[in-house]
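In what follows, residues are counted from 1 in the order of the sequence shown. The shown structure was predicted, so the numbers you read here are calculated from the model rather than taken from an experiment.
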Amino acid sequence: MIRIPLRAWVYIMIFLLLTSCSSASTAVTSTPTTRAPAPSATTSAQGGPAPLTTPLAPPPLDCPLQAPPEKKHLDRLGLNTDVQLVGGGPFWLWGTLDTIHLASIGTDKWPIDKIVVEVGPDYDQSVTLRLRNQQTDTLAWWTDGETPPGAATQVLVLDPQTDNESVGNIPGVPNIPHGSPGAGWKEWGTFPLFTSAGCYALEVSWAGGFWQSVFAVGN
């Protein structure tokens with residue numbers, strides 16, 4: 001039998017101890033660094049809409065268009081006669097929702113539209129509006145009509161109890177009260193801003209009700 005001196009055993013044990021410590025240290029994994037997400041292409045660093053770098057594409061031709069659920073005819077609303085509205089429940093708008101070409105009001109950097117809307121008749125609770133891109137599930141912006149916008153929100157609340165008079169366009173206010181155009185009605189000018197062409201749903205909700213309309217948007 002081969003005898004190993006005690007000193008040699010000590011050296012062997014030290015060597016084995018150092019080797020095991022080194023192996024254990026290489027098995028430890030570091031915690032990945034968490035980074036804040038970068039702003040998207042349609043959102044500025046401050047959280048509002050960012051200017052576009054290229055014009056919007058044309059409106060898509062394959063949108064599943066859906067008109068507002070009802071039409072309403074009024075002989076008179078304020079100074080206007082033979083008024084045609086579309087909507088439902090307490091929320092109505094002038095014109096039609098079908099295909100919106102944005103080059104007429106806004107600019108290539110700030111593609112803004114204008115929609116005049118009514119709440120009534122004789123309804124005094126708030127109505128909430130959203131504009132949702134059907135392909136991406138992102139929301140468009142409601143602005144104050146300025147370029148660049150002085151205010152923008154993705155959820156617009158119209159309150160007939162507070163918006164009682166016409167105040168004109170106020171930078172920094174994303175819903176422009178027109179006051180009461182007729183008994184029992186309240187009117188607003190709204191300025192939606194779309195950062196991409198697509199098929200959009202106008203989602204209208206109020207206490208106890210909801211409807212939506214789908215339309216195409218582009219240049």
Side-chain angles (χ1 to χ4, degrees), residues 47-49 65-98 100 102 105-106 110 112-134 137-147 149-194 199-215 217:
L65 301 178
Q66 179 183 350
E70 299 178 41
K71 296 180 180 179
K72 183 183 288 289
H73 172 264
L74 299 175
D75 292 334
R76 178 178 294 276
L77 185 59
L79 300 177
N80 298 286
T81 59
D82 192 24
V83 175
Q84 306 293 332
L85 303 175
V86 295
F91 180 79
W92 303 86
L93 54 92
W94 292 71
T96 60
L97 280 181
D98 189 331
I100 295 179
L102 292 169
I105 295 180
W110 306 103
I112 294 175
D113 192 25
K114 180 179 181 179
I115 304 174
V116 177
V117 303
E118 311 282 344
V119 170
D122 301 314
Y123 187 81
D124 63 359
Q125 301 302 306
S126 62
V127 176
T128 301
L129 308 178
R130 294 176 175 84
L131 288 164
R132 189 178 305 276
N133 187 309
Q134 297 289 276
D137 199 39
T138 56
L139 296 176
W141 299 87
W142 302 94
T143 76
D144 58 357
E146 301 294 317
T147 52
T153 180
Q154 291 179 305
V155 180
L156 186 65
V157 178
L158 305 177
D159 189 347
Q161 296 191 41
T162 58
D163 295 339
N164 292 317
E165 58 182 308
S166 179
V167 296
N169 285 33
I170 300 179
V173 178
N175 52 336
I176 313 300
H178 288 183
S180 179
W185 291 91
K186 294 292 177 62
E187 183 177 284
W188 289 262
T190 64
F191 296 88
L193 183 151
F194 301 86
C199 305
Y200 283 82
L202 170 62
E203 301 174 349
V204 182
S205 59
W206 63 95
F210 171 88
W211 62 260
Q212 75 171 22
S213 174
V214 179
F215 54 96
V217 173

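- To the nearest 0.5 Å, atoms CG (Asp113) and CD1 (Ile100) are separated by 4.5 Å.
- To the nearest 0.5 Å, atom OG of residue Ser213 and atom CG of residue Leu93 are 8.0 Å apart.
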Please set out all donor-acceptor pairs under 3.5 angstrom arising from side-chain atoms of residues 125-132, sequence neighbours excluded.
| residue | atom | partner | partner atom | Å |
| --- | --- | --- | --- | --- |
| Arg132 | NE | Glu203 | OE1 | 3.4 |
| Arg132 | NE | Glu203 | OE2 | 2.8 |
| Arg132 | NH1 | Asp137 | OD1 | 3.3 |
| Arg132 | NH2 | Glu203 | OE1 | 3.3 |

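- Taking Trp92 as the reference, nothing meets the side chain to side chain donor-acceptor pair (under 3.5 Å) condition, with sequence neighbours excluded.
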So Phe191 and Ile176, side-chain contact (heavy atoms from CB on, under 4.5 Å) or not? Walk me through it.
CA-CA 9 Å; Phe191 296 88; Ile176 313 300; 3.7 Å; yes

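- A donor-acceptor contact shorter than 3.5 Å is absent between the side chain of Thr143 and the backbone of Pro149.
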Before giving the answer on side-chain contact (heavy atoms from CB on, under 4.5 Å), spell out for Phe194 and Val217 the whole-Å C-alpha distance, their side-chain angles and the decisive distance to 0.1 Å.
CA-CA 8 Å; Phe194 301 86; Val217 173; 3.7 Å; yes

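- The two atoms that bring Pro49 and Leu193 nearest to each other are CB-CD2, 4.1 Å, heavy atoms only.
- Looking at residues two or more places apart in sequence or on another chain, you find a side chain to side chain contact (heavy atoms under 4.5 Å, CB included) between Asp124 and Gln161.
- Taken to the nearest 0.5 Å, the CD atom of Gln134 stands 6.0 Å off from the CD atom of Gln212.
- For the atom pair NZ of Lys71 and OG1 of Thr96, the computed distance is 9.0 Å after rounding to the nearest 0.5 Å.
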Evaluate side-chain contact (heavy atoms from CB on, under 4.5 Å) for Trp188 paired with Val119, printing each intermediate quantity in order.
CA-CA 9 Å; Trp188 289 262; Val119 170; 3.5 Å; yes

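- Side-chain atoms of Asp98 and Leu65, non-hydrogen and from C-beta on, do get closer than 4.5 Å to each other.
- The distance from atom CG of Leu156 to atom CH2 of Trp142, rounded to the nearest 0.5 Å, is 6.0 Å.
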Would Phe210 and Val204 satisfy side-chain contact (heavy atoms from CB on, under 4.5 Å), going step by step from the backbone distance to the final call?
CA-CA 6 Å; Phe210 171 88; Val204 182; 5.9 Å; no

All N/O donor-acceptor pairs, side-chain side in residues 77-90, below 3.5 Å, sequence neighbours left out:
| residue | atom | partner | partner atom | Å |
| --- | --- | --- | --- | --- |
| Asp82 | OD1 | His73 | NE2 | 2.7 |
| Asp82 | OD1 | Gln84 | NE2 | 3.3 |

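- Here the side chains of Phe91 and Glu118 are not in contact, with every heavy-atom distance at 4.5 Å or above.
- Closest non-hydrogen pair, Tyr123 versus Ala207, comes out as OH-N, 3.8 Å.
- By the 4.5 Å heavy-atom criterion applied to side chains, Glu187 and Val116 are counted as neighbours.
- Between the side chains of Trp211 and Glu70, no donor-acceptor pair is found at a separation under 3.5 Å.
- In this structure, the side chains of Leu202 and Leu97 come closer than 4.5 Å at one or more pairs of heavy atoms.
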